[in-house]
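Just so you know, these numbers use all the heavy atoms, side chains as well, and skip hydrogens, waters and symmetry mates. Lettering of chains follows the sequences in order, A, B, ..., and the numbering in each one begins at 1. All values reported here derive from a predicted model rather than from experimental measurement.
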There are 2 protein chains.
Amino acid sequence: MNMNDSSPMYLQVARRLMDDMQAGHYRPDQALPSERALSEQFGVSRVTARKAIDQLVEQGLVVRKHGSGNYISQRELPLPSLSGFSAQMQQRGHAPSSTWLKREIVLANAEEQLSLGLTPDDRVVRLERLRLADGEVMAHEVAVLPLDIVPDPGAIKDSLYQYLSEHDRLPVRALQQIRAANATEVLAEELGVEVGDAVLFVTRVGYLASGRAVELTYAYCRSLNVAQTPSY
Amino acid sequence: MNMNDSSPMYLQVARRLMDDMQAGHYRPDQALPSERALSEQFGVSRVTARKAIDQLVEQGLVVRKHGSGNYISQRELPLPSLSGFSAQMQQRGHAPSSTWLKREIVLANAEEQLSLGLTPDDRVVRLERLRLADGEVMAHEVAVLPLDIVPDPGAIKDSLYQYLSEHDRLPVRALQQIRAANATEVLAEELGVEVGDAVLFVTRVGYLASGRAVELTYAYCRSLNVAQTPSY
DNA sequence: CAGTGGTCTAGACCACCGC
DNA sequence: CGGTGGTCTAGACCACTGA
């Protein structure tokens, strides 16, 4: 391995295995070569081979079976895309739209540095929008991404998702925190609720398969009033 | 380490660090001791110390900063109630219901110990349900809670939320991880989708105001197919 | 520059599987 | 039983941070 490629070996190995899987060299429910065999085949240590397989497991492409083997998980094409992900925050059957508030390039603040693993010098793209469903404001959303992930923010139209997808930078994993907060005056105005009403504050960090954090989003959402059973 | 505890060292170390964080020994935005220091402190190799930190990173409690340190990323807790929280996962105006699959008391497994801050001896209540909206299966959900939080699981009817609320044990903060996965055969059957279809795998840990983790839930949900704009 | 995390190795022992 | 994954070690080099 490792000719003309400066990326870590375990990622190279993972990519090779993924390519082989897509090319059909391995079939669903078939075991991969053993970790010891892979380490020899690729000329890496077993630890490194394992780390490569970790990547595939994380993406749901492979399942580990202790004492037995690592198996290709059953499915068609490896498209573990997180598509329509934040649509979870919206009602079904409503037409989503958004209003741009800001689209700027700025230095990352402390929180953004921490979440995205940046330095004080690093610049980020900050996208601020009101999200609507059927013309009704549902959320005030701020998305922050490292500038090297979104070099030309002007090219983003309505869908950040689509932009990232086209550039092969779609998060495959996300960490999301949900809290309740009380609407401030400004927020209440924006969301069309009463001041002090409970709203949801959602923070999300999206990660690439490599583990790099590429998206920090925080949003104030109108709480969805649950009719009957809170059905926790 | 490793007295009276057969679980892997890296989990023990992870749990120790988590306890220390919750006890307030580390403050948000503060760096943990270096990996080399930790490995010495706990008498493990650096690889093992790293693996422990991996666990914390995975749970969003710690952020790595190359060349600098591993930082606590704990967000602070709010006051208002998190009511109707997971209703976000459901469509509005649909009648929620559920089918019980299991309701059992068992020993906590390693992952549950870590997430809920338990020891191998601690018992947990495991609630396994299919969640429906208008009779349509939306999710296969497993909720795990420490036994002392839910001493009489039989008293839980349809709503875990309601039960916790009545006992004043409602989480006020939650950490949620969302991943995409492909439906296995069993899962596809349960959720009424095609094998290999993308489904969401949601892991959530709920915390009391005191900071104690009281709820670990993981669920496979049908992806909500967004009609037009993916509207990331 | 010294200290940090990121990667990698070679070798070891254990727990589990299936024959 | 042999082969598998699961864990662990001690030591090494690199890339990056921050004073």
Side-chain angles (χ1 to χ4, degrees), chain A residues 1-3 5-15 17 29-58 61-73 108 110 113-114 116-122 146 148 207-213, chain B residues 1-2 5-15 17 29-58 62-73 109-111 113-114 120:
Chain A
M1 298 295 286
N2 198 21
M3 310 294 187
D5 193 342
S6 63
S7 63
M9 304 277 287
Y10 73 89
L11 286 182
Q12 294 183 45
V13 172
R15 209 169 309 131
L17 289 174
D29 279 2
Q30 178 186 349
L32 284 172
S34 77
E35 296 175 352
R36 288 165 180 83
L38 286 174
S39 71
E40 187 163 353
Q41 173 183 336
F42 288 108
V44 299
S45 75
R46 188 180 153 211
V47 178
T48 302
R50 256 185 86 75
K51 208 167 172 186
I53 294 177
D54 281 341
Q55 298 291 313
L56 306 183
V57 171
E58 212 167 293
L61 300 176
V62 165
V63 178
R64 300 194 124 104
K65 290 195 169 171
H66 192 171
S68 173
N70 296 316
Y71 293 83
I72 311 295
S73 65
Q113 289 167 35
L114 194 62
L116 297 175
L118 302 177
T119 71
D121 307 329
D122 284 324
D148 67 299
Y207 298 86
L208 298 182
S210 67
R212 178 178 176 194
Chain B
M1 300 296 286
N2 198 22
D5 194 342
S6 62
S7 62
M9 304 276 286
Y10 73 90
L11 286 182
Q12 294 183 45
V13 172
R15 197 161 54 228
L17 289 174
D29 280 8
Q30 178 187 347
L32 284 171
S34 77
E35 297 175 351
R36 289 166 180 82
L38 287 174
S39 71
E40 187 163 353
Q41 174 184 334
F42 289 107
V44 299
S45 74
R46 190 181 152 209
V47 177
T48 301
R50 257 184 86 74
K51 207 166 173 186
I53 294 176
D54 281 341
Q55 298 292 313
L56 305 183
V57 170
E58 215 166 288
V62 165
V63 177
R64 292 187 189 280
K65 284 192 106 174
H66 191 170
S68 173
N70 297 316
Y71 292 83
I72 312 293
S73 90
N109 66 30
E111 185 195 354
Q113 289 166 34
L114 188 64

field: Separation of C:dA15 P from A:Arg64 CZ (nearest whole Å)
entry: 19 Å
field: Below 4.0 Å: OP1/OP2 of D:dT4 and any side-chain N or O of A:Asn70
entry: no
field: Phosphate OP1/OP2 of D:dC8 contacted by B:Tyr10 side-chain N/O (<4.0 Å)
entry: no
Interatomic spacing from CG in A:Leu17 to CG in A:Asn70 - rounded to 0.5 Å: 10.0 Å
message: Pair B:Arg50, B:Val57 - check side chain to side chain contact (heavy atoms under 4.5 Å, CB included), show working.
response: CA-CA 10 Å; B:Arg50 257 184 86 74; B:Val57 170; over 6 Å; no
message: So if I take the C1' atoms of five pairs at each end of the helix from C:dC1-D:dG18 to C:dG18-D:dC1 and get each local axis, what angle do the two axes make, rounded to 10 degrees?
response: 10°
- request: Determine whether more than 12 heavy atoms belonging to other residues, nucleotides or ligands lie under 6.0 Å from atom CD of B:Glu40.
  value: no
- prompt: Which nucleotides of nucleotides 9-19 of chain D have their base under 4.0 Å from a protein heavy atom (B), which only their sugar-phosphate (S), and which neither (-), written as one string 5' to 3'?
  reply: BB-B--BBBS-
query: If only atom types and distance count, is the side chain of A:Gln12 paired as donor or acceptor with the main-chain N or O of A:Ser7 below 3.5 Å?
result: yes
message: In whole Å, I'd like the distance from the CZ atom of A:Arg50 to the P atom of D:dC8.
response: 11 Å
- request: Grab the two heavy atoms, one from B:Tyr10 and one from B:Ala52, that are nearest each other, plus how far apart they are.
  value: O-CB, 3.3 Å
- request: Could you please spell out the steps behind the side chain to side chain contact (heavy atoms under 4.5 Å, CB included) verdict for A:Arg64 and A:Glu35?
  value: CA-CA 11 Å; A:Arg64 300 194 124 104; A:Glu35 296 175 352; 3.4 Å; yes
field: B:Leu11 CG - D:dC8 C1' separation (whole Å)
entry: 13 Å
field: B:Ser39 (side chain) donor-acceptor with B:Arg36 (main chain) under 3.5 angstrom
entry: yes
query: Taking only side-chain nitrogens and oxygens of B:Lys51, does any of them come within less than 4.0 Å of OP1 or OP2 of D:dC8?
result: no
field: Any side-chain heavy-atom pair of B:Leu38 and B:Val44 under 4.5 Å
entry: no
